[in-house]
Amino acid sequence: SSSSSSSSSSSPSTTHSATMATEEPSASSSAAPSAASSVSTSSSSASSSSTSAFSSSSSSSSSSSFSSTVKQPTAAEPTELDTIDLKAARDSFALLLSCGNEAVTNSLVNGLTRLCSNLQYESYRLRTPAELRIFPILFQNPMLQDPTCERIVIVPLLHCVSQVPSEGKHHLRTFFSLCPADILHGHVIALQQFLTLHIMTSESHQPLQKDEAVVYATRVLEIFYNANLDAGEPISFTEFYNDAVNEGFDRKKDFIAWYEEQGDFNFFTHPFILDARNKSLLLRLESVIEQHTKSMDARRQRMVHMAMGLGGGGFPSEKLVIRVRRPNLIEDTLQQLGRVPAEDLKKELCIIFVGEEAIDQGGVSKEWFQLLIREIFDPKYGMWIYDEKSRRYWFNHLSTDWIEFELIGKLLGLAIYNGVILDVHFPRVVYKKLRDSPVVFEDLKDLDPEMARGLQQLLDFEGDVEEVFGRTFSVAYQRFGEVCEFELKPGGSHIPLTQENKHEYVQLYTDYLLNVSIERQFKYFEQGFHTVCNTPGMNMLFRPEELEALIIGSEELDFKALEAITKYQGFDKDDAIIRDFWDVVHNELTDAERKRLLFFATGSDRSPIGGLGNLNFHIAKQGGELDQLPTSHTCFNVLMLPPYTSREALLSRLRTAINNAEGFGMI
């Protein structure tokens with residue numbers, strides 16, 4: 001039977017332990033049951049300033065979930081592939097292999113070997129469903145689980161499927177999207193198991209990008225990944241990550257191969273197999289190269305300017321320099337970013353607080369981001385609506401602060417481009433919209449649980465909807481004290497809500513909340529974001545969930561993992577003060593104090609993608625008087641610790657430092 005363990009959380013040796021043989025479908029001769037049996041709606045968020053009209057509707061508790069989407073995916077059309085009896089194919093292979101007759105087994109192996117050999121010369125021409133029927137049948141063969149068959153059966157079969165033309169791959173994608181979820185899941189796990197075992201046992205020293213077996217398996221896995229998308233993602237996207245690939249591939253060589261269009265395969269163009277941490281590192285490579293290119297361009301322009309004897313200044317800067325006054329933070333930032341050409345936003349960021357001596361090597365920028373985000377989400381600006389239950393911010397559809405919305409978008413882009421984590425609290429639907437992913441009814445639950453619950457009660461209600469709810473296809477809201485009305489469809493104010501049209505109503509109402517009502521606000525926000533982040537890396541690599549993690553990091557803080565990777569300067573990990581420090585962190589500080597400690601030392605109270613174990617963290621000895629407070633260099637994630645002689649002194653001074661830390665003036 002199929003294992004449900006996720007590849008993203010297991011070690012390579014145990015990541016994919018399930019076999020290709022999955023649970024049998026209930027129908028005895030059905031090759032492709034309805035897609036409804038395997039569709040699962042993804043979740044995210046949404047909101048509105050409107051009063052929740054359905055939060056107290058009388059209805060029984062929800063027993064069925066509404067899966068209608070605002071953007072409906074196109075249903076896959078049945079083809080000749082759907083007449084394949086997968087159960088019969090699986091049973092036939094199992095019967096042949098279980099008969100105990102060596103001659104029969106050898107004949108099967110020889111036949112499959114010859115078949116795959118012949119298909120290698122034909123598969124690049126297979127385009128129609130009738131021509132492709134052989135592949136779903138062969139995938140039912142238990143021999144694909146046997147590592148000893150790698151060379152003679154598995155790799156040749158994967159080679160054949162991988163070279164099927166795009167039209168043929170589309171038919172295979174459609175077929176597997178209509179399969180029961182357990183069958184598709186079984187194929188994914190078996191292929192992941194093959195990849196992991198092959199990489200771990202390979203004696204080849206060539207890069208994974210040039211290992212034919214890895215290339216073929218990845219291309220076939222892409223078919224399964226796309227089929228899973230079409231089916232509504234019944235399989236978590238993290239199960240397509242492969243630990244062995246993520247640990248074994250050379251990021252720099254892969255990026256360069258893509259960047260310079262070398263070779264015909266790289267993982268950059270197959271991002272589904274890469275975890276979020278590797279994607280963030282690839283994106284960082286792209287941004288560093290872009291920043292270096294911009295810097296060199298500015299340097300060359302300056303040299304030409306000087307060589308021509310043109311004085312008077314006006315040289316292009318190698319960095320994006322923003323000078324701000326703390327009391328005028330937003331005004332100064334808006335004015336300067338508004339004058340910066342879009343291409344200069346990709347230069348390395350340098351923040352200068354007027355009147356302060358700190359040199360920005362990363363730490364000043366972190367503080368600038370934190371202060372800006374805190375200020376611009378202040379309720380006094382009226383740009384955002386805050387939901388107390390979800391603790392999420394949503395666009396105020398009455399706000400006309402277009403430039404400020406664009407600024408927020410630019411800030412998110414600049415943070416990504418400069419590797420800074422932000423403390424923003426958007427629902428995931430914001431990141432879905434930035435990635436142009438379909439918005440669904442489930443997204444409301446992340447932002448406005450009461451509204452989503454009321455709409456679900458409407459969907460579950462079996463009585464007279466028109467009499468009980470008394471609604472029409474319109475939405476009422478207040479604008480500066482005046483009651484306004486928006487029609488969800490032409491003539492909507494005269495169309496009553498009924499049992500027959502309630503699903504259409506919920507779909508249109510969801511679209512209004514998540515798209516229509518905040519269309520202009522989001523347009524400027526998105527425009528600002530893409531001004532900075534419209535790069536191939538961003539467009540190709542990240543799913544909405546991964547984009548969210550890239551921007552806001554994670555609230556899960558594993559200080560044991562941080563201790564394990566910490567490096568020391570002037571101290572040894574076995575020194576008494578270091579042992580006392582970690583004992584204090586683990587056993588004396590509260591969760592809130594540990595977050596403040598992380599913020600004090602790194603400029604952020606969240607962990608990067610992959611957790612605190614991926615942070616480059618240092619503890620260095622600070623000279624001077626022993627009654628000094630600890631200090632930090634957030635630019636380099638360095639905590640400066642005086643060599644206190646007692647645990648009590650360490651705890652007292654550490655608490656004082658982390659509870660009074662903001663601005664470089666203190667240091």
Side-chain angles (χ1 to χ4, degrees), residues 36 38-73 229 231-238 377 384-397 424-462 465 469 471 475 477 488 497 502-519 521-522 525 543-549 551-552 554-556:
S38 61
V39 170
S40 171
T41 308
S42 58
S43 65
S44 246
S45 50
S47 176
S48 167
S49 61
S50 305
T51 302
S52 177
F54 300 95
S55 60
S56 60
S57 301
S58 58
S59 176
S60 58
S61 60
S62 175
S63 58
S64 62
S65 67
F66 176 68
S67 60
S68 175
T69 59
V70 177
K71 294 182 181 178
Q72 296 279 2
L229 289 178
E233 294 197 276
I235 305 169
S236 170
F237 69 93
T238 60
F377 278 92
W384 309 96
I385 297 169
Y386 182 71
D387 187 275
E388 293 287 348
K389 292 192 175 181
S390 67
R391 295 184 294 178
R392 297 286 188 269
Y393 287 94
W394 187 244
F395 304 85
N396 184 350
H397 72 285
V424 293
H425 301 273
F426 288 134
R428 183 166 294 167
V429 69
V430 169
Y431 305 102
K432 293 181 71 174
K433 287 167 70 68
L434 285 174
R435 302 304 299 130
D436 198 29
S437 296
V439 174
V440 298
F441 169 70
E442 293 290 320
D443 293 334
L444 277 172
K445 296 179 181 179
D446 187 31
L447 176 61
D448 195 338
E450 288 295 326
M451 176 68 74
R453 187 178 301 111
L455 291 173
Q456 185 64 61
Q457 289 175 344
L458 165 64
L459 292 169
D460 295 336
F461 187 70
E462 299 295 340
V465 170
F469 289 88
R471 298 283 167 180
V475 178
Y477 62 91
L488 298 176
L497 173 62
K502 65 182 182 182
H503 283 82
E504 180 189 11
Y505 176 87
V506 170
Q507 182 179 340
L508 291 174
Y509 197 85
T510 300
D511 185 45
Y512 168 77
L513 295 177
L514 303 184
N515 295 321
V516 177
S517 66
I518 51 94
E519 182 178 4
Q521 291 80 2
F522 185 82
F525 171 80
R543 292 173 52 96
E545 303 90 340
E546 296 165 335
L547 177 59
E548 180 181 21
I551 293 173
I552 69 172
S554 172
E555 291 183 335
E556 296 182 9

Inset, instruction - Mind checking the NE2-CG spacing from H503 to L455? Nearest 0.5 Å is all I need. - result: 11.5 Å
Inset, instruction - Please report the shortest heavy-atom distance between H397 and I518, naming the atom on each side. - result: CB-CG2, 3.8 Å
Inset, instruction - To the nearest 0.5 angstrom, please state how far the CD atom of E546 sits from the CZ atom of R435. - result: 9.5 Å
Legend entry - Stacked cation flag R392 on F426, 6.0 angstrom / 45 deg: no
Legend entry - Shortest non-hydrogen contact between L488 and V475, atoms and distance: CD2-CG2, 3.7 Å
Legend entry - Separation of T510 OG1 from M451 CE (nearest 0.5 Å): 9.5 Å
Inset, instruction - Taking the six-membered ring for Trp and the single ring otherwise, decide whether the centroids of H425 and Y386 are under 6.0 Å apart. - result: no
Legend entry - Shortest non-hydrogen contact between P427 and D446, atoms and distance: CA-OD2, 3.4 Å
Inset, instruction - Report the distance from atom OG of S437 to atom CD of E545, rounding to the nearest 0.5 Å. - result: 7.5 Å
Inset, instruction - State whether E233 and R543 are salt-bridged, where the test is any N-O pair (Lys NZ or Arg NE/NH1/NH2 against Asp/Glu carboxylate O) under 4.0 Å. - result: yes
Inset, instruction - Ignoring hydrogens and angles, tell me if any N or O in the side chain of S517 forms a donor-acceptor pair with the backbone of Y512 under 3.5 Å. - result: yes
Legend entry - Ring geometry between F377 and W384 (parallel below 30°, tilted from 30 to 60°, perpendicular above 60°): parallel
Inset, instruction - Evaluate the side-chain contact (heavy atoms from CB on, under 4.5 Å) criterion for residues W394 and L513: first the C-alpha distance (whole Å), next the side-chain angles of each, then the deciding distance (0.1 Å), finally the verdict. - result: CA-CA 10 Å; W394 187 244; L513 295 177; 6.0 Å; no
Inset, instruction - Quick one: closest heavy-atom pair of A452 and L444, and the distance? - result: CB-CB, 3.7 Å
Inset, instruction - Kindly compute the distance separating CG (L459) from OH (Y505), expressed to the nearest 0.5 Å. - result: 11.0 Å
Inset, instruction - Apply side-chain contact (heavy atoms from CB on, under 4.5 Å) to the pair V440 and K432, showing each step before the final yes or no. - result: CA-CA 10 Å; V440 298; K432 293 181 71 174; 3.9 Å; yes
Legend entry - Candidate pair Y393 and V424, rule side-chain contact (heavy atoms from CB on, under 4.5 Å), full reasoning: CA-CA 8 Å; Y393 287 94; V424 293; over 6 Å; no
Inset, instruction - Step by step, work out the side-chain hydrogen bond (donor to acceptor under 3.5 Å, both in side chains) result for Q507 and D511. - result: CA-CA 6 Å; Q507 182 179 340; D511 185 45; over 6 Å; no
Legend entry - From L434 atom CG to F525 atom CZ, the distance as rounded to the nearest 0.5 Å: 5.0 Å
Legend entry - Face-on cation placement of K433 at F522 ring, 6.0 Å and 45° thresholds: yes
Inset, instruction - Given side-chain contact (heavy atoms from CB on, under 4.5 Å), test F395 with I385 step by step and report yes or no. - result: CA-CA 6 Å; F395 304 85; I385 297 169; over 6 Å; no
Legend entry - Near-ring test F469/F461, centroid separation under 6.0 angstrom: yes
